[in-house]
Amino acid sequence: MTLRTNRARRRAATSCLLLASLASVLLPAGASAAPTAAEPTSMQRIVPAPAVVQPNPAATYQVGPGTVVFTSWRSPDALQIGQQLAGVLRPSTGYLIPVIPVPPVDRPLPGISLTLGGADPQVGDEGYQLDVTDRSVVIRANKPAGLFAGVQSLRQLLPGAVEARSRQAGPWTVPGGRIVDYPRYQHRGAMLDVARHFLTVKDVQRYIDQITLYKINYLHLHLTDEQGWRIEIPGWPKLTQIGGSTQVGGGPAGYYTTADYRAILEYARKRYLTVVPEIDGPAHSNAALASYAELNCDGKAQPLFTGVGPAPNGTLCINKPITYKFLDDVIGRIAELTPGPYVDVGGDESISTTPADYATYMHQVEQIVAKHGKRLMGWGAALTVTNPATSTGQFWIYDGTEDKLAQTTHEGATVVMSPCVFSYLDMKYTPTVPADPLGLRWAGYIEVQTAYSWDPTWVLPGVLDSAVLGVETPLWTETVSSVADVDFMAFPRLPAIAEIGWSPLATHDWAGFSGRLAAQGPRWDAMRVNYYRSPQIPWPAGAR
Ligand code: NGO
């Protein structure tokens, strides 16, 4: 990271810390209490906290050798979700767990039922009801996404060992009671930077498995930056041949072929996760400039850049028509491949571009995005110039653009909250954790309690409440180079952000959260997640 960027970012982040001190005033009582987690009753151990939980201590359902998963008749979605559930249960329990579509019944069948339709309307499209008695578990939802969310809750009601891929000792008890659950915000995102260090399709799918367990429903892929171009674009082969050849620290890296990218999209689709592809610009573009000489103002290709921070000349040439032909091809291609509503155009840290040039670039880009049928998403600065009615901004820093960003929400823009001092998963937890070289410091240290100590309603002053779509937690990868690193930086902070996005504000409570988070430890052990054993969390004895 260059000193200049570091210092500028740190200064901008400091104002955020001042706001953080407001958290104790604005969050409900208990939010700042000491982490003396009251042992959660077993039905109250789900992260993110469900909207309504009514435990029934008199009842428990036991998954046994005869347990069957029944799914709604003629619903490929319900069947697919049932198979996913059976895929979790079979290896650890050793049971057969057949998945059988059944027509509607008056009384729950003995077993686990995944039923589409007829749920309480207040649970909407992503919520669910979950009823556990001695005889049955019934998850009912209006839409497949809700059924999928209900299954994630059911997994968390079972002992963590259920996640193991080899046979474990039971019993496999599900605590009795009723849950009625639905999200507070429609956008609960995680961003993964595959540009600074390349992550394979398998690595991304692993992350998808981890984040969807916490009801994250958007995966923002940061596909291009100074150090790497990670997506194949027909007609522009050098982007991946040259731009995809390396990464931070040098050495070989990689990129997604069209088939690879489709595999990620398909894996995400089956988990009700919408992919948001990002093509950053006009800054953060050295990989493209190294690949094609004609994209540079002077017609000379930049050398590849494998350092941290901005490349010396990593900005696209604003006044060359080929820049926009290139962007049209790139954005057109990813718009064609990606089913979700957004193409993210970046727009962050364009420090070497004049305001007029920045506006010229963004105005062209927003037309290209619209032409290809998508909604523009961009880091906060982008919204200082784009049409608010057709843009979604991602708030991340107090760098002077935040007032304008907040203002645009009164003119039709929507916004997603990623405040760097709370939600940046690439920051260290403490001055010494993780040990160097992993983790950055410029936005401060983010222990688990800090990641949990904010709310989307006050983090961006002046924002129109109804324009806040939700939250997103970015994992930048300048220092992150393996799945073990990804695990360590994301867990246990990612579930904290997921809970801020999903759970009603009334459930926000550090003591309760830290206790529920502790219950995830054995689950992550079974999943072989390399999580940070934060001393703030009362992990159960025996958790590795
Ligand atoms: C900033 C910068 C990224 C860095 C990240 C590191 C944004 C939006 N732009 O966040 O390029 O990777 O910090 O923390």
Side-chain angles (χ1 to χ4, degrees), residues 1-14 16 189-199 220-230 247-249 276 278-288 305-311 314-315 344-353 358 362 377-384 392-402 405 415-429 434 437-446 450-451 459-460 471-481 485-486 489-490 493 497:
M1 186 91 21
T2 63
L3 270 181
R4 188 166 62 130
T5 327
N6 240 342
R7 229 182 276 128
R9 284 195 196 136
R10 197 174 298 132
R11 212 178 310 116
T14 311
C16 205
M191 191 216 77
L192 199 53
D193 171 9
V194 293
R196 270 52 176 275
H197 277 101
F198 181 60
L199 291 163
H220 171 172
L221 286 177
H222 185 76
L223 290 166
T224 68
D225 212 298
E226 314 283 33
Q227 301 87 345
W229 184 282
R230 306 295 176 210
Q247 56 188 352
V248 168
V276 180
E278 179 184 349
I279 304 296
D280 206 350
H284 290 280
S285 294
N286 193 78
F305 179 75
T306 59
V308 171
T315 297
D344 192 304
V345 302
D348 56 321
E349 301 186 310
S350 287
I351 36 183
S352 59
T353 308
Y358 185 74
M362 280 297 166
M377 188 159 175
W379 298 103
L383 271 81
T384 60
T392 297
Q394 188 163 1
F395 168 67
W396 66 285
I397 196 168
Y398 300 89
D399 62 351
T401 58
E402 70 279 4
L405 175 60
V415 68
V416 170
M417 302 300 186
S418 302
C420 57
V421 294
F422 301 118
S423 72
Y424 265 36
L425 297 177
D426 54 323
M427 293 302 132
K428 285 184 186 283
Y429 289 91
L438 191 53
L440 299 178
R441 298 189 157 85
W442 69 264
Y445 303 113
I446 307 181
T450 306
V459 82
L460 176 59
V471 302
E472 193 163 299
T473 183
L475 179 52
W476 301 99
T477 56
E478 284 94 333
T479 68
V480 172
S481 60
D485 292 350
V486 170
M489 301 312 275
R493 290 181 290 199
I497 312 297

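Remember, it's 1-based here, ligands and their atoms both numbered in the order they're listed.
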| Atoms of ligand 1 close to Asp426 [distance to a heavy atom under 4.0 angstrom, numbered from 1] | 6 (C), 14 (O)

| request: Determine which pairs satisfy salt bridge (Lys or Arg N to Asp or Glu O under 4.0 Å) with at least one residue from residues 418-428, sequence neighbours left out, and list them in order. | output: Lys428-Asp436

| query | Mind checking whether Thr473 and Arg493 have side chains closer than 4.5 Å, heavy atoms only? | reply | no

| query | Side chain of Tyr429, backbone of Met489: donor and acceptor closer than 3.5 Å? | reply | yes

| query | Is there a side-chain contact between Phe422 and Met417 (heavy atoms, below 4.5 Å)? | reply | no

| Mind checking whether Ile279 and Trp229 have side chains closer than 4.5 Å, heavy atoms only? | yes

| request: Would you confirm whether Asp193, through its side chain, and Ala195, through its main-chain N or O, come within 3.5 Å as a donor-acceptor pair? | output: yes

| query | Gln394 near ligand 1, heavy-atom distance under 4.0 Å? | reply | no

| Judging by distance only, is a nitrogen or oxygen of Asp348 under 3.5 angstrom from one on ligand 1? | yes

| What atoms of ligand 1 come within less than 4.0 Å of a heavy atom belonging to Glu478? | 4 (C), 6 (C), 12 (O)

| said: Please enumerate all residues that pass side chain to side chain contact (heavy atoms under 4.5 Å, CB included) together with Ser481, with sequence neighbours excluded. | reply: His197, Asp485

| Under 3.5 Å, N or O to N or O, is Asp225 touching ligand 1 that way? | no

| query | Of all the atoms in ligand 1, which lie at a distance below 4.0 Å from a heavy atom belonging to Glu349? | reply | 2 (C), 9 (N), 11 (O)

| request: Check each atom of ligand 1 against the heavy atoms of His284 and keep those under 4.0 Å away; list them by number with element. | output: 11 (O)

| request: Give yes or no for whether the N/O distance cutoff of 3.5 Å, strictly under, is met between Trp442 and ligand 1. | output: yes

| note | Taking only non-hydrogen atoms of Met427 and a 4.0 Å limit, the atoms of ligand 1 in range are 14 (O)

| message | I'd like to check whether Trp396 has a polar contact with ligand 1, where a contact means an N/O of the residue lying under 3.5 Å from an N/O of the ligand. | response | no

